[in-house]
Amino acid sequence: MPFLPLSAREMKAAGIEQPDIVLVTGDAYVDHPSFGTAIISRVLEDAGYSVCILSQPKSDADFKEFGRPRLAFFVNSGNIDSMVAHYTAAKRRRSDDAYTAGGKAGARPDRAVIVYSKKIRELYGDIPIAIGGLEASLRRFAHYDYWDDRVRPSILIDSDADLLMYGMGEKHAVEIARRLDSGESVSTMTDILGTCYKVPSNEYEWRAAVECPSYDIVKEPNDSGKKQYAIATKIQQEEQDAVRGRTIIQKHGKVIIVQNPPMPPLSTAELDHIYDLPFMRDYHPSYEPLGGVPGIEEVKFSLAHNRGCFGACNFCSIAYHQGRQVTVRSHESVIREAKKLTELPDFKGYIHDVGGPTANFRSPSCKKQEAHGMCPNRKCLAPKICSQVKVDHTDYLALLRKIRALPKIKKVFIRSGIRFDYLIADPNEAFFKELVRHHVSGQLKVAPEHCSAAVLTAMGKPTVETYLKFKKRFYELTKSEAKEQFLVPYLMSSHPGSTLKDAIELSVFLKREGMRPEQVQDFYPTPGTVSTCMYYTGLDPLTMQPIYVAKTPAEKAEQRALLQYFKPENREMVLRTLKRYGRYDLIGSGKDCLVQDTRPSNAQGRRPIPKKKTIRNTRPKKRR
């Protein structure tokens, strides 16, 4: 099956006079199931609709490439948020973009969904526009925007789109297309699960719904406005459940944003069908002269076997986008895809990953959630694992064994995140042993994130003791296999709740454990997460208790430097911070010290206090 048309010439060659759907994206076109544009376009094609891909348009002429579609424009920013693609956590402009041909930044605009949608509205008038993908999904309500440092309205308002598809959009997209095809007006599509729409307040038909504090209230940057913003965040997070989630409304002036309950996640059979669609599994050949699209390299020989994550870390958007309920593909489906990979001309025998949002989840966390949904006021794994969680790696291990046994496959690695607290809670060590024996490519990525109990609680992560237990057993098993393998811990600085004292505590922990992180991630306040609400409001929305937030660039730099105290360029900053907090016990050449003070010091490690000069009587003597 060829690529879907990327130009008018390809559209004509495919025998399409007028496409049913034009899918506009901020990414280069990659027809691989790890790319949302590829999945949605192939699902629509499978449902009988002709689809053309308008990739990274800039000029009016670009937007007119395919003319007016018969049904609608569907718009996304690409695989990631356009602002995250463009800016670092320090708001510095990036020079690269893994989802653009040649890897160079600048091919998509800031706030791509808004820019694309408004241009379509300008050029095509009342054509139906449905927005989706991560950028739209996380901005469906009034949201704090880190880059503007203010609360912005729902992206439905700013973009002037008709519908917003939140979450994984396969079912939503097909239903919208089907109903448009039947002649229904987009303005009457107010009952599609997993979508948001806007309606004038005087036309809204009131029904059972949960109302968030309005945009006009939460946008105010005062204590009252921020408290109401935190209340809105809690409502939005708790209703993100396909079983028990309710309709949510939020007033925006004279308009009401309505979020219908979430679309149920795809079943195993539905997921299997999607992954059997005829993806080309590569970037469009027109990008070859530019060096291809770097984003394909990490996933080209990887297998996604699940969706959803009941880990639900507070700084992560997966639970708010995909949901906390885990769904999986069948073994047969994953094996079929693995066999396809072995037939690719550049396959070298290595499966790079068999994972997903969390690699070692293969079932819902407990039986209760299937009938009653996820618990609205607690987490499955933090601060400790719920007694109802069923910890079992049997199915995942069986899948890995089947993939390893396939012809042409030399090694099968696991590179997406392993939830170590879930793993260490399994009394059956069969998976842990085979993970160490077969599936680590020298390094295993895990995410302890911090060591401070207060910070880990704010993050929604397990205690550091759980990580240390996992680490100890990992290296015991590695030694028993006579292998040289290492853990690569992800660490985060400046997360809400983390003070400089916490950062010092973490640096001491890293020194004691012999860990020298080469990369440290500053907390990045992206829309739609609990942690971003903490950052903006100074409140934990789940408890409504105040929480400390590091906001100044200077303090963020200090926290980051402490985590990499061993780097020469960080020594002076670490030294100043330790002295300011009276931690002279960490300065010197002792085994527990972080840095040396190369300037002269006394025996206690403090700089010597200069003696006061005796001021003598300097008046001239009288002559006799």
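Only this structure's heavy atoms are used, side chains among them; waters, hydrogens and symmetry mates stay out.
Around the CZ atom of Arg207, the shell of radius 6.0 Å holds more than 12 heavy atoms that belong to other residues, nucleotides or ligands. Other residues, nucleotides and ligands contribute over 12 non-hydrogen atoms within 6.0 Å of the NZ atom of Lys91. More than 12 non-hydrogen atoms from other residues, nucleotides or ligands lie less than 6.0 angstrom from NZ of Lys556. Under a cut-off of 6.0 angstrom, the local environment of CD in Gln18 is crowded, with over 12 non-hydrogen atoms contributed by other residues, nucleotides or ligands. Other residues, nucleotides and ligands contribute at most 12 non-hydrogen atoms within 6.0 Å of the NZ atom of Lys501. Other residues, nucleotides and ligands contribute more than 12 heavy atoms inside 6.0 Å of the CD atom of Glu184. By the 6.0 Å contact criterion, NZ on Lys219 is enclosed, its count of non-hydrogen atoms from other residues, nucleotides or ligands being greater than 12.
For Asn79 (side chain) and Ser34 (main-chain N/O), a donor-acceptor pair under 3.5 Å exists by modelled atom type. No donor-acceptor distance shorter than 3.5 angstrom exists from the side chain of Gln325 to the backbone of Met374, with no hydrogens or angles considered. A donor-acceptor pair under 3.5 Å links the side-chain atoms of His143 to the main chain of Phe141, judged by distance alone. Proximity of a side-chain donor or acceptor of Asn306 to a complementary backbone N or O of Thr358 within less than 3.5 Å is detected. The backbone N or O of Ala8 lies less than 3.5 Å from a partner atom in the side chain of Glu65, making a donor-acceptor pair. Listed for the Lys379 side chain is a donor-acceptor partner under 3.5 Å among the backbone atoms of Ala312. In this structure, Ser59 contributes its side chain and Asp62 its backbone to a donor-acceptor pair below 3.5 Å.
Residue Arg111 forms a salt bridge (charged side-chain N to carboxylate O under 4.0 Å, His left out) with just one option from Asp81, Asp148, Asp158, and that option is Asp148.
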Show your reasoning for whether side-chain contact (heavy atoms from CB on, under 4.5 Å) applies to Asn314 and Met534. CA-CA 10 Å; Asn314 287 338; Met534 295 178 188; 3.9 Å; yes

Quick one: do Cys309 and Gln322 satisfy side-chain contact (heavy atoms from CB on, under 4.5 Å)? Show the steps, please. CA-CA 8 Å; Cys309 180; Gln322 292 193 13; over 6 Å; no

Test ring-ring contact (aromatic ring centres under 6.0 Å, His included) applied to Tyr99 and Phe35, step by step: CA-CA 10 Å; Tyr99 297 98; Phe35 289 72; 5.7 Å; yes

Verdict with reasoning, Arg68 to Asp126, per salt bridge (charged side-chain N to carboxylate O under 4.0 Å, His left out): CA-CA 11 Å; Arg68 184 185 181 97; Asp126 62 353; 3.3 Å; yes

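Asp97 and Arg108 are joined by a salt bridge, as a carboxylate oxygen and a charged side-chain nitrogen come within less than 4.0 angstrom of each other. One finds a salt bridge joining Arg179 and Glu175 here, because a Lys/Arg side-chain nitrogen approaches an Asp/Glu carboxylate oxygen to under 4.0 Å. Taking the charged nitrogens against the carboxylate oxygens, Lys226 and Glu220 have no contact shorter than 4.0 Å, which rules out a salt bridge. Here Lys119 does not pair with Asp160 in a salt bridge; the nearest charged N to carboxylate O distance is not below 4.0 Å. With salt bridges taken as basic N to acidic carboxylate O contacts below 4.0 Å, one links Arg307 and Glu170.
Geometrically, Arg93 engages Tyr87 in a cation-pi contact defined by less than 6.0 Å to the ring centre and at most 45° from the axis.
Contact annotation: the side chain of Leu539 approaches that of Lys227 to within less than 4.5 Å [non-hydrogen atoms, C-beta and beyond]. You'll find the side chain of Val43 reaches within 4.5 Å of the side chain of Ile274, heavy atoms only.
Ring-centre distance between Tyr283 and Tyr29: not below the 6.0 Å cut-off. Aromatic rings of Phe3 and His284 (six-membered ring for Trp) have centroids within the 6.0 Å cut-off, being under it. Ring centroids of Tyr229 and Tyr536 are separated by less than 6.0 Å, placing the two rings close together. Between Tyr524 and Phe315, a ring centre-to-centre spacing not shorter than 6.0 Å is recorded.
Side-chain atoms of His273 and Asp46 include a donor-acceptor pair closer than 3.5 Å.
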